[in-house]
Amino acid sequence: MPRRKRLPRSFYRRDPRVVAPELLGKVLVQGGLSARIVEVEAYCGAEDPGSHAYRGMTKRNATMFGPAGGLYVYFTYGMHWCANAVCGEEGEGVAVLLRAAEPLTGIEEMRSRRPAARRDRDLCRGPARLCQAFGLDGSFDGANLPTADRGVTIVDDGTPPPVAPTIGPRIGLSAGTDLPWRWSVAGDLHLSRPA
DNA sequence: ACCGGGATGTTCT
DNA sequence: GAACATCCCGGTG
């Protein structure tokens with residue numbers, strides 16, 4: 001059994017563009033479910049036109065402006081949830097979006113939540129799919145990852161981040177698409193799109 | 001494999 | 001009233 005260490009608040013309390021690539025290879029855990037993170041994006045607050053925080057704090061994005069290590073879960077497209085790890089200092093409004101992961105444990109439970117997934121590799125392949133597989137919704141918004149608040153946390157199992165991750169533009173935005181703030185594990189089969 | 005359209009409703013302008 | 005950090009399904013090739 002490899003060691004399994006929860007990421008401390010100090011891990012998150014940095015620039016999201018530094019935290020994002022380091023999250024690759026870490027393991028998202030919620031109850032008996034776990035999956036290895038393979039794709040992430042950085043969102044950089046008031047300077048970032050693609051970020052929810054660009055126009056300041058609202059009721060919806062308040063968690064983003066809270067302490068590092070918070071889980072920012074938001075609702076979009078009338079049916080989907082997406083999850084971020086809040087980074088930086090309080091008030092900055094910076095975070096890392098969890099876009100895709102490789103299912104490790106609790107696969108049966110994930111499958112029952114995601115009947116549309118044909119293969120196991122589709123269970124957490126995309127930010128909203130990942131949330132659906134894990135059952136993450138608005139009730140998890142604001143959960144504190146370093147203390148496994150509400151059962152959700154991110155752990156280091158000894159797998160190092162990739163030395164040369166794939167870097168590219170963020171997906172699904174209408175502003176800020178030119179910024180190369182998406183990181184993924186090169187060639188991984190569980191990415192939201194091939195890269 | 002690839003592409004196009006519809007779903008669905010909260011949030012902010 | 002428009003936009004939305006998306007996904008699924010059914011078409012075609």
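Just so we're on the same page: letters track the sequence lines, and every chain starts at 1.
Screening Arg125(A), Glu39(A), Arg129(A) against Ser192(A) for a side-chain hydrogen bond (donor to acceptor under 3.5 Å, both in side chains) leaves a single residue, Glu39(A).
Atom CZ of Arg55(A) and atom C1' of dC4(C) are 12 Å apart (whole Å). With rounding to whole Å, Phe75(A) atom CZ is found 11 Å from dC4(C) atom C1'. The NZ-C1' distance, from Lys59(A) to dG9(B), rounds to 16 Å in whole Å. In this entry the distance linking CZ of Arg60(A) with C1' of dG9(B) reads 12 Å, nearest Å. Counting to the nearest Å, the P atom of dT6(C) and the CZ atom of Arg114(A) are 14 Å from each other. As a whole-Å value, the separation of Met64(A) CE from dT11(B) P is 16 Å. Between the P atom of dT6(C) and the CG atom of Asn84(A) lies a distance of 11 Å, rounded to the nearest Å. The CZ atom of Arg125(A) sits 10 Å away from the P atom of dC8(C) (whole-angstrom rounding).
With Tyr12(A) as the aromatic partner, Arg9(A) does not meet the cation-pi criteria of under 6.0 angstrom to the ring centre and within 45 degrees of the ring axis.
Listed pair Arg118(A) / dC8(C) fails the phosphate criterion, with no side-chain N or O lying under 4.0 Å from OP1 or OP2. Taking 4.0 angstrom as the limit, Arg99(A) places a side-chain polar atom (N or O) nearer than this to OP1 or OP2 of dT6(C). Remark: Arg182(A) is not in phosphate contact with dA5(C), judged by side-chain N or O atoms under 4.0 Å from OP1 or OP2.
DNA chain C is contacted by both Leu173(A) and Ala116(A); Leu173(A) maps to the nucleotide lying nearer its 5′ end (nearest heavy atom per residue).
Base pairing in DNA chain B yields stems of at least 3 consecutive Watson-Crick or G-U pairs, both distances under 3.5 Å, namely B:1-7 with C:6-12, B:9-12 with C:1-4.
Distance check: Asp149(A) CG to Leu71(A) CG gives 9.5 Å after rounding to the nearest 0.5 Å. Note: Asp156(A) CG to Leu7(A) CG = 6.0 Å, rounded to the nearest 0.5 Å. Atom-to-atom distance recorded for Ile171(A):CD1 and Ser184(A):OG is 8.5 Å, nearest 0.5 angstrom.
With dC8(C), dT6(C), dA5(C) as the candidates, the nucleotide lying closest to the side chain of Gln132(A) is dC8(C).
Nucleic acid contact for Arg170(A): none, since no nucleic acid atom lies under 4.0 Å from a heavy atom of the residue. At a threshold of 4.0 angstrom between heavy atoms, the contacts of Ser174(A) are confined to the sugar-phosphate backbone, with no base atom among them. Gly50(A) comes within 4.0 angstrom of a nucleotide base, judged by non-hydrogen atoms across all strands.
In terms of modelled atom types and a separation under 3.5 Å, the side chain of Arg170(A) and the main chain of Arg182(A) share no donor-acceptor contact. At least one donor-acceptor pair closer than 3.5 Å links the side chain of Arg150(A) to the backbone N or O of Ser139(A). Put simply, the side chain of Arg13(A) never gets that close to the backbone of Pro8(A): no donor and acceptor are under 3.5 Å apart.
Between Phe75(A) and Trp81(A), the ring planes are tilted. Angles from 30° to 60° get that label.
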Which protein N or O atoms sit under 3.5 Å from an N or O of nucleotides 1-8 of chain B?
| from | atom 1 | to | atom 2 | distance (Å) |
| --- | --- | --- | --- | --- |
| dT8(B) | O2 | Tyr77(A) | O | 2.5 |

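Salt-bridge formation is detected for the pair Arg36(A)/Asp157(A): a Lys NZ or Arg NE/NH1/NH2 atom is positioned less than 4.0 Å from an Asp or Glu carboxylate oxygen.
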